[in-house]
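Down below is the structure, laid out as structure tokens.
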Amino acid sequence: DYVAWSATQQAEILMQNNDLVFVGYGVIAPEYAWDDYKGVDVKGKTIVMLINDPPLPDPVDPTRLDAKMFKGDAMTYYGRWTYKFEMAAKLGAAAAIIVHEAKPAAYPYSVVMNSWSRENFSINDGPNKNFPPIPAWIHLDRAKQLFSASNLDFDAMKKAALSKDFRPVALKSKMNMK
């Protein structure tokens, strides 16, 4: 259903009644006039975000991606999972959950599970000391259930996140993790 871990040098991390906030693609890209956070304070919260760059259709040919926005078919650093976790940490999020979708990711959820659900060894504070205390991935089916429990339609929220006007949405769920 999900994979969560921590690379911090703490013996224990405890989260109780942590608010969840959907932040679209989790991107702040000034050169594209794009900000999925819109100044919303996510400090100490768990953010939920979509994988990759926002796939924006070309206004001239909607069957293609807009090459002027996030380089069209080429993924920018904003679409990388490392960027998303780094931004979450920079904004003070306690945890960050990326919704895994096999087609946009170009790999199945089993890759996430095989990479992060076993022992991992790191040198010097883990894979990236700039990750939030708890980085995580969630299976698409479980993400849809999470949104449904908040009376939200995942597909509608994903579509809304394709607009520069998108604003973060609080989910009616809490996260508890130890």
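Heavy-atom basis, side chains included; hydrogens, waters and symmetry copies ignored.
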Ring centroid separation for F22 and F147, is it under 6.0 angstrom? yes
Applying side-chain hydrogen bond (donor to acceptor under 3.5 Å, both in side chains) to T76 and not counting sequence neighbours gives D53
Is [Y] close to [X] at the side-chain level, that is, under 4.5 Å between some pair of heavy atoms?
X	Y	answer
R167	V40	yes
K178	E12	yes
V48	V99	yes
Y37	I28	yes
M69	K164	yes
K43	L91	no
L65	L56	no
D155	K144	yes

Chi angles and distances behind the side chain to side chain contact (heavy atoms under 4.5 Å, CB included) call for N151, K172: CA-CA 8 Å; N151 297 318; K172 297 175 186 170; 3.8 Å; yes
Considering non-hydrogen atoms only, spot the tightest contact between [X] and [Y] and give its length.
X	Y	value
A88	A96	CB-CB, 3.5 Å
L152	L171	CD1-CD2, 3.5 Å
N18	G44	ND2-O, 2.6 Å
I134	A4	CG2-CB, 3.9 Å
S173	L146	OG-CD1, 3.4 Å
Y78	P30	OH-CD, 4.1 Å

Interatomic distance, [X] atom [atom1] to [Y] atom [atom2] [nearest 0.5 angstrom]:
X	Y	atom1	atom2	answer
M157	S150	CE	OG	9.5 Å
L20	I97	CG	CD1	5.5 Å
I98	M49	CD1	CE	5.5 Å
D165	D35	CG	CG	11.5 Å
M15	T46	CE	OG1	4.5 Å

Crowded around [X] [atom1]? As in, over 12 foreign heavy atoms under 6.0 Å?
X	atom1	answer
K159	NZ	no
R142	CZ	yes
K68	NZ	no

Common cluster, F85/M75, ILVMFWY with side-chain heavy-atom separation under 4.5 Å: no
Is a side-chain donor or acceptor of [X] paired with a backbone partner of [Y] at a separation under 3.5 angstrom?
X	Y	answer
N176	N17	yes
K38	F166	yes
D36	Y25	yes
K84	N52	yes

Between R80 and E86, is the closest basic N to carboxylate O distance under 4.0 Å? no
Given E101 and L140, is the side chain to side chain contact (heavy atoms under 4.5 Å, CB included) satisfied, shown in steps? CA-CA 6 Å; E101 292 188 71; L140 176 61; 3.8 Å; yes
Check the orientation of Y32 and F70. Use parallel for under 30°, tilted for 30 to 60°, and perpendicular for over 60°. tilted
